[in-house]
Protein chains: 2
Amino acid sequence: MGIDRFMRLKEPKREKIVEGAVEEFSRYGFRQASLNRLAQSLGISKGSLFQYFGNKEGLFLFIFDQAVALVRKRLAQVKQETAEKDFFEKIRRSLAAGVDFLRRHPRVYRIYLKMLFQEDFPLRTELLHRVRLFSAEYLRPMVLKGMAQGEVRSDMDPDFVVFLLDAVMDRFLQAQCVSFLDGGTGLYEGSAEVTGRLIDALVEVLRNGLAGDGMGHAGSRSRGGAHDDSGLGVQVPGA
Amino acid sequence: MGIDRFMRLKEPKREKIVEGAVEEFSRYGFRQASLNRLAQSLGISKGSLFQYFGNKEGLFLFIFDQAVALVRKRLAQVKQETAEKDFFEKIRRSLAAGVDFLRRHPRVYRIYLKMLFQEDFPLRTELLHRVRLFSAEYLRPMVLKGMAQGEVRSDMDPDFVVFLLDAVMDRFLQAQCVSFLDGGTGLYEGSAEVTGRLIDALVEVLRNGLAGDGMGHAGSRSRGGAHDDSGLGVQVPGA
DNA sequence: GATAAAAATGACCACCTGGTCATTCGGCTC
DNA sequence: GAGCCGAATGACCAGGTGGTCATTTTTATC
């Protein structure tokens, strides 16, 4: 059929088409993306796009599948790398990996954001379920294990803990792309150093809010202590 | 010009038009919204819409201004009602008011969500700045006051605290509208009771993570104690 | 009821969309 | 160079868009 015809293309051209399509969808979402414009910006004819992908939806799904595979791969890598680490260190590393991914593939992330709130994507429901594996497959077991090991307080609904982690981590990533969400913290297109500090500060708050009794937070809480080895990103203004 | 011609309309018709427009924009965003479809569903001619609002953008701005006014009014009300309350009680009440608003005006909230991630809205930048007053005008002074009074730990960047609160509260609201974000917590279109419990659970985690030394959390933290007078929404599964 | 002013209408316009397909092109083999 | 065949092309289609405006309908005044 069509798609193997696309696969028969030579590498540079294939990559160029994928990149161009990612750019188009990330800028305009699905419906508002224009194959006329895409074809023109790629310097190929619109007819070819239809030969390769059948229709607009086919092109989008192809792009989307590639992106999901990319994310899964990276997450699996982090999971493996931090298998032996403390719960909150896992969180820290996951966040750092997220930031890194997003810097490397900003447009891929934007497609995801668009799809989240723009309801006219094709197969939106199914695709989002595929993407939200982040909570289902990644965070949830991590939380359950953390609870079992006493690192995370176990008197709360684990699903709710997952929800909180997901909320705060996702927003942290969004703030890197959407200037209105950074709230003066410097997250939006901030330097790696600033971002690193904020990750540490975030993880510390999470530790205070969620840590279990099994962990070694000595005093009333771990204020500045425990696992923080890079200086938490805090001003000390008044008191 | 046009808009006062709209104002001269009789009340039921005016309201019907506003409601129809909110429905259209909330379903389709700006670009994909169709004035043909809107006119037809309203049972008036397209020409009239242009007489009233000049163009599509004018109609959208009119709708948007009304919505912003609605939100401001409600927030001011909550601020006044909780002026004498504890910091975390303020947060709790604000969240509850947010949930309430969102149930009363679900389509207004959806327009906001669409605009956040769909970049082709007219005047998007300016409008979002106007809307994000939530952090700037509402949360920030609250946090600063909380820090000054020792209710909130003051060794962190206040902007970062605002960011965290904003993130978690916003996501909490989003989860009521977007099924993929609720993560099995039951927030998505959940009952008032479930939502109430989750608000309490959320505030408790925030208290543990952010409370200052001025507050009365006696032990290593306020586990289940302190200000929680409605039973925190927690299962007690294993331990 | 006649007249004038205001408001509602919908046919019409230029433009853009996703999608089609007969035609042309380009690189093989012999 | 001839012949072949898959690949690239872009004119073309039906359908939908925001926007216009001459015309008709409604309303108000006398």
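A, B, ... follow the sequence lines: proteins, then strands. Residue 1 opens every chain. Small disclaimer: the values here were computed from a predicted structure and weren't measured.
- Residue Arg8(A) places its side chain closer to dA7(D) than to any other of dA8(C), dA8(D), dA7(D).
- Arg37(A) places its CZ atom 17 Å from the P atom of dC15(C), with the value rounded to the nearest Å.
- Contact annotation: Asn55(B) does not reach the phosphate of dG18(D) (side-chain N/O to OP1 or OP2, under 4.0 Å).
- Counting only heavy atoms from C-beta on, Ser45(B) has its side chain closest to dA8(C) among dA8(C), dG19(C), dG6(D).
- Not a single donor-acceptor pair under 3.5 Å links the side chain of Lys85(B) to the backbone N or O of Ile91(B).
- In this structure, the side chains of Glu24(B) and Ser34(B) come closer than 4.5 Å at one or more pairs of heavy atoms.
- A residue-by-residue look at Gly47(B) and Ser34(A) shows that Gly47(B) has its nearest nucleotide of DNA chain C further toward the 5' end.
- Rounded to whole Å, atom P of dG18(C) lies 6 Å from atom CG of Asn36(A).
- For Arg124(A) and Phe30(A), the positive end is not near the middle of the six-membered ring at less than 6.0 Å and at most 45° from its axis.
- Here the P atom of nucleotide dA8(C) and the NZ atom of Lys16(B) are 15 Å apart, to the nearest Å.
- Atom pair Phe53(A):CZ and dT20(C):C1' shows a separation of 18 Å (rounding to whole Å applied).
- In terms of phosphate contacts, Tyr52(B) brings a side-chain nitrogen or oxygen within less than 4.0 Å of OP1 or OP2 of dA8(C).
- In summary, the aromatic rings of Phe6(A) and Phe62(A) are positioned with their centroids under 6.0 Å apart.
- Taking atom CZ of Phe50(B) as the reference point, atom C1' of dT9(C) lies 14 Å away to the nearest angstrom.
- Of the two residues contacting DNA chain D, namely Lys10(B) and Gly43(A), the nearest-nucleotide position lying further toward the 5' end is that of Gly43(A).
- The side chain of Arg5(A) lies closest to dA8(D), out of dA8(D), dT20(C), dA7(C).
- In this structure, of dG18(D), dT9(D), dG18(C), it is dG18(D) that holds the atom nearest to the side chain of Lys56(B).
- For Lys46(B), no side-chain nitrogen or oxygen approaches OP1 or OP2 of dG10(C) to under 4.0 Å.
- Taking atom CG of residue Asp4(B) and atom P of nucleotide dA6(C), one finds them 12 Å apart after rounding to whole Å.
- Contact record, Val203(A) with Phe88(A): CG1-O, 3.7 Å, taken as the closest heavy-atom pair.
- Atoms CD (Gln51(B)) and P (dT25(D)) sit 17 Å apart, rounded to a whole Å.
- Checking dG18(D), dG18(C), dA8(C) against every side-chain atom of Lys13(B), the shortest atom distance belongs to dA8(C).
- Side-chain proximity of Ser48(A) to the nucleotides dT9(D), dG19(C), dT17(D) is greatest for dT9(D).
- Remark: P of dG6(D) and CE of Met7(A) are 21 Å apart, rounded to the nearest angstrom.
- Residue contacts for Ala39(B): at a heavy-atom cut-off of 4.0 Å it reaches no nucleic acid atom on any strand shown.
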